[in-house]
Amino acid sequence: EEEAAKGRLERQRLENEADAEQARRGLLELRAESAAVETSGQAKAEARARAEAAEIEGNAAVTQARLRAEASNIEAEAALSQEENQRRAELEYQQKLNELEIQKAQQMAEIESRQFTSMVNAIGSDTIVAIARAGPELQAQLLQGLGLTGFMVTDGKSPINLFQTAQGMISQPGATGGAVGASA
């Protein structure tokens, strides 16, 4: 019986070792499976994280490009506005300058007209008739004596030579000094 008990015990020990080995094998399989799941989960998490990071980077790049375009647009509009303001200021300046030149020209013409009228009135129509009757050399000397050189008389529409005006006064007897005048 002792042998039978030893045999049973030995058999029980072998069965226990076999069960333990089988349990160990199952544990190793579960550990391997768990490691595979963990690795797979970690790989999925890393892939998801990389995808999210790439999406964030892409969105940031799009936003940055949009903001650069807006900034460029604002800069261009500001430059255009500044240039328009500068052109407007230059145009206003040129217009004012032109107005001043016109005023100056009008005032100068008015002064010259008054000066000529006062000279004609001072000379008198008789003197102008005498100049017209005198020879060209005497006419030139008389005009130089009066400080006139190549002076033109105008009625505002067409210029008339002083000598021709004098000739007209001679051909129209009774013409007065008021017939000769200048206007601007």
Side-chain angles (χ1 to χ4, degrees), residues 1-119 147-162 164 181-184:
E1 250 194 71
E2 200 176 304
E3 287 240 357
K6 277 187 181 181
R8 274 188 302 213
L9 185 62
E10 186 63 31
R11 193 168 104 208
Q12 186 63 40
R13 189 180 61 79
L14 287 176
E15 284 178 9
N16 285 345
E17 282 181 14
D19 287 341
E21 192 59 39
Q22 193 172 11
R24 196 175 302 129
R25 190 174 56 115
L27 178 64
L28 288 176
E29 286 178 2
L30 288 174
R31 280 186 182 168
E33 210 173 291
S34 174
V37 167
E38 184 180 326
T39 304
S40 172
Q42 185 178 359
K44 284 181 184 177
E46 287 176 2
R48 189 176 300 131
R50 282 192 300 270
E52 288 176 5
E55 183 180 357
I56 290 169
E57 286 177 5
N59 289 339
V62 168
T63 302
Q64 189 177 25
R66 183 176 43 81
L67 291 175
R68 277 192 195 130
E70 287 176 11
S72 176
N73 191 24
I74 290 169
E75 287 176 359
E77 287 176 3
L80 180 62
S81 176
Q82 183 179 5
E83 191 172 323
E84 285 176 357
N85 289 338
Q86 185 178 356
R87 296 292 179 247
R88 191 176 304 117
E90 288 174 0
L91 180 63
E92 288 175 10
Y93 171 77
Q94 191 61 44
Q95 286 175 339
K96 298 256 187 223
L97 192 63
N98 290 346
E99 288 173 9
L100 287 174
E101 298 239 355
I102 289 170
Q103 286 178 351
K104 178 183 174 186
Q106 288 174 339
Q107 290 172 352
M108 291 301 291
E110 204 173 297
I111 289 169
E112 288 178 18
S113 172
R114 276 185 285 187
Q115 180 184 6
F116 183 76
T117 301
S118 67
M119 288 173 113
L148 302 175
T149 56
F151 222 94
M152 301 293 282
V153 179
T154 180
D155 60 359
K157 294 181 183 148
S158 58
I160 302 171
N161 189 307
L162 181 61
Q164 292 172 342
S183 62

**Prompt:** Do Thr117 side-chain atoms and Ser113 backbone N/O form a donor-acceptor pair below 3.5 Å?
**Reply:**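 Yes; at least one donor-acceptor contact below 3.5 Å.
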
**Request:** Verify, without hydrogens or angle tests, whether Ser81 (side chain) and Glu77 (backbone) share a donor-acceptor contact under 3.5 angstrom.
**Result:**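 Looks like no, no N/O pair under 3.5 Å.
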
Check this for me, if you would: do [X] and [Y] make a salt bridge, where the nitrogen-to-carboxylate-oxygen distance has to be below 4.0 angstrom?
X	Y	answer
Arg24	Glu21	yes
Arg87	Glu90	yes
Lys6	Glu10	no
Arg48	Glu52	no

Would you call [X] and [Y] a side-chain contact if the rule is heavy atoms closer than 4.5 Å?
X	Y	value
Asn59	Glu55	yes
Glu110	Gln106	no
Arg88	Asn85	yes
Lys104	Glu101	no
Gln95	Asn98	no

Measuring from [X]:[atom1] to [Y]:[atom2], what's the distance to the nearest 0.5 Å?
X	Y	atom1	atom2	answer
Thr63	Ile56	OG1	CD1	11.5 Å
Glu84	Leu91	CD	CG	13.0 Å
Asn16	Arg13	CG	CZ	9.5 Å
Glu57	Arg50	CD	CZ	12.5 Å

**Prompt:** More than 12 heavy atoms of other residues, nucleotides or ligands under 6.0 Å from CZ of Arg11: is that the case?
**Reply:**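 It does not: Arg11 CZ has 12 such atoms or fewer within range.
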
**Message:** With a 6.0 Å cut-off (strictly less than), is the heavy-atom count around CZ of Arg31, excluding the residue itself, greater than 12?
**Reply:**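 At most 12 heavy atoms, drawn from other residues, nucleotides or ligands, come within 6.0 Å of this atom.
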
